[in-house]
Number of protein chains: 2
Amino acid sequence: MTRATLLTITAPTGTPAEGDAGFALADFDAPQVRITDLSVTRGDGVFETIAVIDGHPQALEPHLARLAHSAQLLDLPEPAAAVWREAVAAGVRDYRERNGEAGSGELFAKLIYTRGVEGSGRPSGWIFVDEGEDFSAQRRGIRVVTLDRGLRHDVAESAPWLLAGAKTLSYAVNRAAQREAVRRGADDVIFLSSDGYALEGPTSNVILLADGVVRTPQTDQGILAGTTQAAVFAFFEERGLATEYREITADELRDADALWLVSSVRMAAPVTDLDGREYPVDAELTAELNRYLLSRTE
Amino acid sequence: MTRATLLTITAPTGTPAEGDAGFALADFDAPQVRITDLSVTRGDGVFETIAVIDGHPQALEPHLARLAHSAQLLDLPEPAAAVWREAVAAGVRDYRERNGEAGSGELFAKLIYTRGVEGSGRPSGWIFVDEGEDFSAQRRGIRVVTLDRGLRHDVAESAPWLLAGAKTLSYAVNRAAQREAVRRGADDVIFLSSDGYALEGPTSNVILLADGVVRTPQTDQGILAGTTQAAVFAFFEERGLATEYREITADELRDADALWLVSSVRMAAPVTDLDGREYPVDAELTAELNRYLLSRTE
C-alpha cells in the first residue's frame with residue numbers, strides 16, 4: 001500500500017523566514033486541521049488538484065494562477081506562488097522516494113488554501129500527494145445527465161458574491177449533483193444555467209465537437225477556466241481542427257457530434273450517453289487524446 | 001480568558017457500545033480533523049448553532065430535527081439524536097465547570113456533522129461550546145442590503161441537488177455576501193431570489209411587520225426553517241398580533257413598517273436601514289423581544 005505525503009504550508013502568503021522553506025512535512029494519517037478552521041465550518045477556502053505524471057506536475061503554473069484567481073474572488077490574501085510551487089515539488093519528491101515503483105504512475109497533488117482558524121486572521125494551507133484512482137473505465141466512456149445549476153449564465157458578472165468561477169471548498173452542491181446523476185443511472189453531470197446554456201461538470205469542463213469545430217463554453221459564464229481543457233484545444237489544433245470558446249445552448253450541446261468531460265486527473269472521458277441520447281465514441285481518437293494529455297511534462 | 005470545550009462525536013449515527021457515551025472530550029486547541037475529511041475538501045456536511053443561556057441549550061429539539069433534515073437533504077445517514085443531545089449537555093456542563101462565572105452568560109454550542117474522511121464511509125461529528133460574541137450593538141440596530149441569491153424562489157422543489165434549505169458546511173457564498181454588505185457600508189444581507197422574492201439572511205431569518213401582521217418568508221422556498229423565528233412568532237402572538245408565513249416580494253419587504261433579522265445566537269437585530277431606506281426602530285419592543293428570546297429555558 002502506498003502512503004500519501006502531506007505538507008503543511010507554514011507561509012502560505014509570504015516570504016518564509018531565513019532557513020525556513022515555508023512548508024513542512026506532516027503526518028497524513030493524523031488530524032492536522034483545527035475544528036474552527038473556516039474550511040471545516042464554512043467551506044471558506046479554495047483548492048486545486050494537479051495531475052502528477054512520472055513525477056511531473058502538469059500545468060503547474062496555470063493551476064497556481066487559478067488558485068490565486070480563486071483566492072482573489074474570495075478576498076483571500078494572494079498565495080505566495082514560490083512557496084506553493086516548491087511545496088508541490090517537495091511533496092512529489094517525498095511521495096516518490098517513499099513509495100518506490102508505486103510513485104512512478106499517475107499521482108495527484110491537492111492544494112488547499114483556507115481563510116484559517118476563525119479569528120486568527122492567518123490563512124491555512126496544505127498540500128497532499130497521493131495516487132489517483134483508476135480512471136481507465138471512465139476514459140473509455142461515461143453516461144451523463146444535464147442538471148440545472150440554478151444560476152443564470154451571466155451571474156459571475158452580475159453577482160460576484162455568488163463566487164461562480166471560483167474553485168472553492170464549498171462543493172456540497174457539486175457532490176449532491178453527482179449523487180443525483182447516479183440516482184438517474186449516470187456517471188456524471190453537465191450543469192446548465194437557469195437560462196439554458198451549457199456550463200461545466202461538477203469537476204470538469206465540457207468539450208464538444210460539432211460542424212468540425214471543437215468548442216467549450218466560454219469561461220466568462222462563471223465557469224472554471226480549465227487547465228486540461230486548454231491542453232485539449234492544443235491537441236485538436238495540432239490536428240488542424242478549429243477551436244472556439246462561445247456560449248453553447250443546451251440544444252447545441254445535445255446536437256453535438258461528440259462530447260467529452262475533461263479534468264486534471266481523470267483527463268478526457270468521452271460521453272456515450274447524454275440524457276438518454278447515445279453518442280458514438282471514436283475510441284482511437286480519445287485514446288490518442290488521453291495519451292497526449294498524459295504525456296505532458298509541464 | 002475562557003476556554004472552549006470540544007467533543008468528538010465517536011458514534012454520530014449509531015448506538016454507542018456498552019460503556020461508551022458515543023462522544024469524548026477532545027483538545028479544542030489541537031488539530032482534530034484530518035485533511036481528507038470531506039468537510040475540509042468539499043464543505044460536505046451540515047451544522048447547527050445553538051444558543052446556550054444560563055446553561056440551557058435553547059430550542060435543542062428543533063435544532064436536532066433540523067440537523068437531521070439537513071443530513072437527509074445531503075443523503076447523509078441519520079444522526080443519532082440521543083448521542084448528539086447528550087453530547088450538547090456534556091459539553092455545556094464541561095464548559096461551565098471549567099470557566100466558572102464566565103460560563104454563566106451567553107454561550108453557544110456548534111454541532112458539525114460531516115461525510116467523514118474520504119473513502120472511510122464513516123461520518124464525522126464534533127460539538128464545541130464557547131462564549132458568544134457581544135451582540136449588544138447589533139441588537140440595537142443593523143444596516144442591511146439586499147443581494148441576489150441567484151436562484152429562483154422555488155428551486156428547493158425543482159432542483160433539490162442545489163441543497164437550498166439545507167444548513168451545509170458549504171457557506172463560502174454566505175460569507176462572500178456578508179463581505180459585499182460591508183463593502184456597501186452595511187452590516188448584513190437579505191437575499192432575494194432571482195425572481196424577486198425576499199428569502200433570508202446568510203445566517204438569519206427575516207421578520208417583517210406590515211399592516212399590523214408579523215410575517216416571514218414561507219420556508220418552502222429553500223429557506224432554513226428558523227428555530228428563533230418560531231419563538232419570535234410566539235412572542236408576537238402572545239401580544240395579540242397575527243403571524244403569517246407567505247411569499248414576500250422585494251417591494252413588500254422594502255415597504256414594511258419594521259424589519260428584524262433573527263438568529264439563534266444574535267437573537268433579534270432590528271433593521272435601521274435597508275438599501276439606504278431608513279426604518280424607525282421601536283427600541284423598547286425590540287428589547288422586550290430579546291429579553292423574551294434570551295429567557296427561553298428549552
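Chain letters run A, B, ... following the sequence lines, proteins first and then strands; every chain starts at 1.
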Can you tell me if CZ on B/R98 sees more than 12 non-hydrogen neighbours from other groups inside 6.0 Å?
-> yes
In this structure, are over 12 heavy atoms from other groups packed under 6.0 Å from B/R184 atom CZ?
-> yes
Atom group of B/L6 that falls short of 4.5 Å from chain A, counting heavy atoms | side chain
Chain A: which of [options] shares the most heavy-atom pairs with it under 4.5 Å?
options: B/Q178, B/R175, B/Q32; answer: B/R175
options: B/V117, B/V189, B/D29; answer: B/D29
options: B/V155, B/L38, B/T168, B/N174; answer: B/L38

Do you know which two heavy atoms are closest between [X] and [Y], and how far apart they sit?
X: A/R179; Y: B/L74; answer: NH2-O, 3.0 Å
X: B/A172; Y: A/G43; answer: CB-O, 3.6 Å
X: A/W161; Y: B/E180; answer: CE3-CG, 3.7 Å
X: A/L162; Y: B/G150; answer: CD1-CA, 3.7 Å

With a 4.5 angstrom heavy-atom cut-off, could you sort out which part of [X] is near chain B: side chain, backbone, both or neither?
X: A/S194; result: neither
X: A/D37; result: neither
X: A/R149; result: both
X: A/L151; result: both
X: A/A30; result: backbone
X: A/T114; result: neither

Looking at A/T41, A/L147, A/I112, A/L73, which makes the most heavy-atom pairs under 4.5 Å with chain B?
-> A/L147
Max heavy-atom pair count under 4.5 Å with chain B, selected residue of A/D27, A/L163, A/I35 | A/I35
Charged N to carboxylate O under 4.0 angstrom, B/D148 versus A/R152?
-> no
Test log, rule salt bridge (Lys or Arg N to Asp or Glu O under 4.0 Å), inputs B/R183 and A/D75 = CA-CA 11 Å; B/R183 266 192 286 270; A/D75 304 309; 3.3 Å; yes
Inter-residue atom distance B/L169.CG - A/D44.CG, 0.5 Å rounding | 12.0 Å
What is the distance from atom OG of B/S39 to atom CZ of A/R42, rounded to the nearest 0.5 Å?
-> 13.5 Å
